[in-house]
Amino acid sequence: MSADAITPVFVRLKLSLLRNGLRQSGGRKAAYITSAVFALLFAALQLIGLIALRGHAHAESVVVLAVAVLGLGWAVMPLFFPSGDETLDPTRLVMLPLRPRPLVRALLTASLVGIGPLFTLCLLAGSVIAVARGGAAFAVGVVAVVLALLVCVALARAVAAANVRLLTSRKGRDLAVLSGLLIAIGAQIVNFGAQRIGASGLGELDPAAGILQWVPPASAIGAVHAVGEGSYGLAAAQLALTAGALAALLALWSRHLTRLMTSPDGSTLPGADSAAKERSSTGLGRLLPTGRTGTVMERSLRYVWRDPKTKAAWVTSLAIGLIVPVFNAWQGTGSVYFACFAAGMLGIQMYNQFGQDTSAFWIVAMTISSTRDAYVELRARAYALLLITLPYATLVTVLTTAVLGDWRRLPEALGLSFALLGAMLATGAWTSARFPYSIPQEGYKNVAPGQTGLAWISIFGGMMAAALLCAPVIALTIWLNVSADGDAWTWLLLPVGTAYGAALAAAGLKLAAPQTARRLPEILAAVSKG
């Protein structure tokens, strides 16, 4: 079947998938319409902003970087949102008598239908208007917009085809859940860059733009600017580079399609020696204490490594807990006390301990028959958290202090961090027993429907209580810093904060244990809801 014959069929298929998906529920339709309105509104505002850049000395740098970031977004979109478009999975078409080349053309055309391509078109059109000078530049701009748009779409398709086995596996779902980490880190980097630009001006973008103007699809926009400057040879080279990238992506996409549609899925074929492999205890398990304490610690650490939601929460907390204090210190706007942010981010992991187990908590509940059992369970979970948090909080505090060069305040910063960590362990254990809630296994929600209030009370109420519990150490820190001869005694804040945090954690576990033992049926019902 030729491409001309199947292309309209695939376009209608894309529209049918979109229409039928919206018919599934009113909530899904409302969410789609709302997201579409916001996306198009943002695209319109962005278009107006790019047009307003016309004539600015650094307009080229801004639009080249914007298009480069846009291309990066198209490249990673299939990896982090594999379920966003059902047509991204070409294995659904393996039973159809289709050749790769006509299929590539049909899928490429169908991929131009949607909010994403329309948003991209608006940004590309605004970029051309911002840098084009003269009729020749606008004429080249039309070609550049078409080429850049096709490169973005082909890039997303080629990445999806190359990783389709990963995207449909458990590892792919883990990667999708970790998309929050990319967003969190990206937000901090953008914030850091915006502060640098605000201090030094848009000229800071010129070196990066000078490199990225040779990277498709940004090279197409660079060609428009080059024509406006009279550099026709440079423009031809940049357009040729963009067209060559498009041809290479289409060829790569076609090759992966051929392989996917003619070769078996190796992930469904068991290895020859897989049945002969026996599970053995990990090296970490042999280092942990014996009895229930070591078993619970190993189980908690396995959740961190294997469970997608738990892994995403931990990795995000580790990344943000390092980025916020160190980046602020690097910019010269931070304080050594910002290092407490690391302890606070990881202390949150103590909240809703039983909700992390989801419906599997009934197995744990079967082993808790007394307050002593509940205490050992909670204490072991706190030990597992401390195994990561204590060295990490220490490392972040030392790094922040080293960047600032304020070594005199290292003991008091460490003491505050340890006191805050102990307070969050105490409040986290108590709220885990008193306000448990379920974490859905599928999708991106971290709270089951109807339990949002419980989550707010558990997390934010617990954090406020932890801050109040740390008030004595905070007051002592302030008093020693304002006192005339207090500097000579600030080193005492390290042992005082450590002992105070340990006492708070022990007291919190003691108070939470009877609550846990008494409320086991309610906890089990709450965490199994999702």
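The first residue in the sequence is number 1, and the count goes up from there.
- Not counting sequence neighbours, Tyr303 has no partner by the ring pair (Phe, Tyr, Trp, His ring centres under 6.0 Å) test.
- The closest side-chain heavy-atom distance from Ser111 to Arg157 is below 4.5 Å.
- Side-chain contact between Leu346 and Trp314 is present, with at least one heavy-atom pair separated by less than 4.5 Å.
- Nearest heavy atom pair, residue Ala223 against residue Leu239, reads CB-CG, 3.7 Å.
- In the model, Thr7 has no side-chain atom that pairs as donor or acceptor with a side-chain atom of Arg105 under 3.5 Å.
- Across Leu149, Val143, Leu150, a single residue satisfies side-chain contact (heavy atoms from CB on, under 4.5 Å) together with Val146, and that is Leu150.
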May I have the list of side-chain donor-acceptor pairs in residues 112-132 shorter than 3.5 Å, sequence neighbours left out?
unit_1	atom_1	unit_2	atom_2	d
Thr120	OG1	Trp74	NE1	2.9
Thr120	OG1	Gly116	O	2.9
Ser127	OG	Leu123	O	2.8

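- Minimum heavy-atom separation, Ala75 to Val159: O-CG1, 3.4 Å.
- Using a 4.5 Å heavy-atom threshold, the side chains of Asn352 and Thr431 count as separate.
- Looking at heavy atoms from C-beta onward, Leu322 lies in side-chain contact with Leu399 at the 4.5 angstrom threshold.
- Between Ala154 and Leu249, the closest heavy-atom pair is CB-CB, 4.1 Å.
- Counting all heavy atoms, side chain and backbone alike, Pro217 lies closest to Cys152 at CG-SG, 3.9 Å.
- Contact annotation: the side chain of Met424 never approaches that of Gln349 to less than 4.5 Å [non-hydrogen atoms, C-beta and beyond].
- Below 30°, between 30° and 60°, or above 60°: for His58 and His56 the angle between ring planes is between 30° and 60°, a tilted geometry.
- Between Ile388 and Leu318, the closest heavy-atom pair is CG2-CD2, 4.5 Å.
- Rounding to the nearest 0.5 Å gives a distance of 6.0 Å between OG of Ser317 and CD1 of Ile348.
- With contacts defined as side-chain heavy-atom distances shorter than 4.5 Å, the pair Ile221/His225 does not qualify.
- Under the 4.5 Å side-chain criterion, counting only non-hydrogen atoms from C-beta, Ile459 is in contact with Tyr437.
- The residue from Leu404, Thr397, Val326, Asn328 that alone fulfils the side-chain contact (heavy atoms from CB on, under 4.5 Å) condition with Phe338 is Asn328.
- For the pair Leu241/Pro216, a side-chain contact is recorded, criterion being any heavy-atom separation below 4.5 Å from C-beta on.
- Pairing each heavy atom of Val396 with each of Pro325, the nearest pair is CG1-CG, 3.7 Å.
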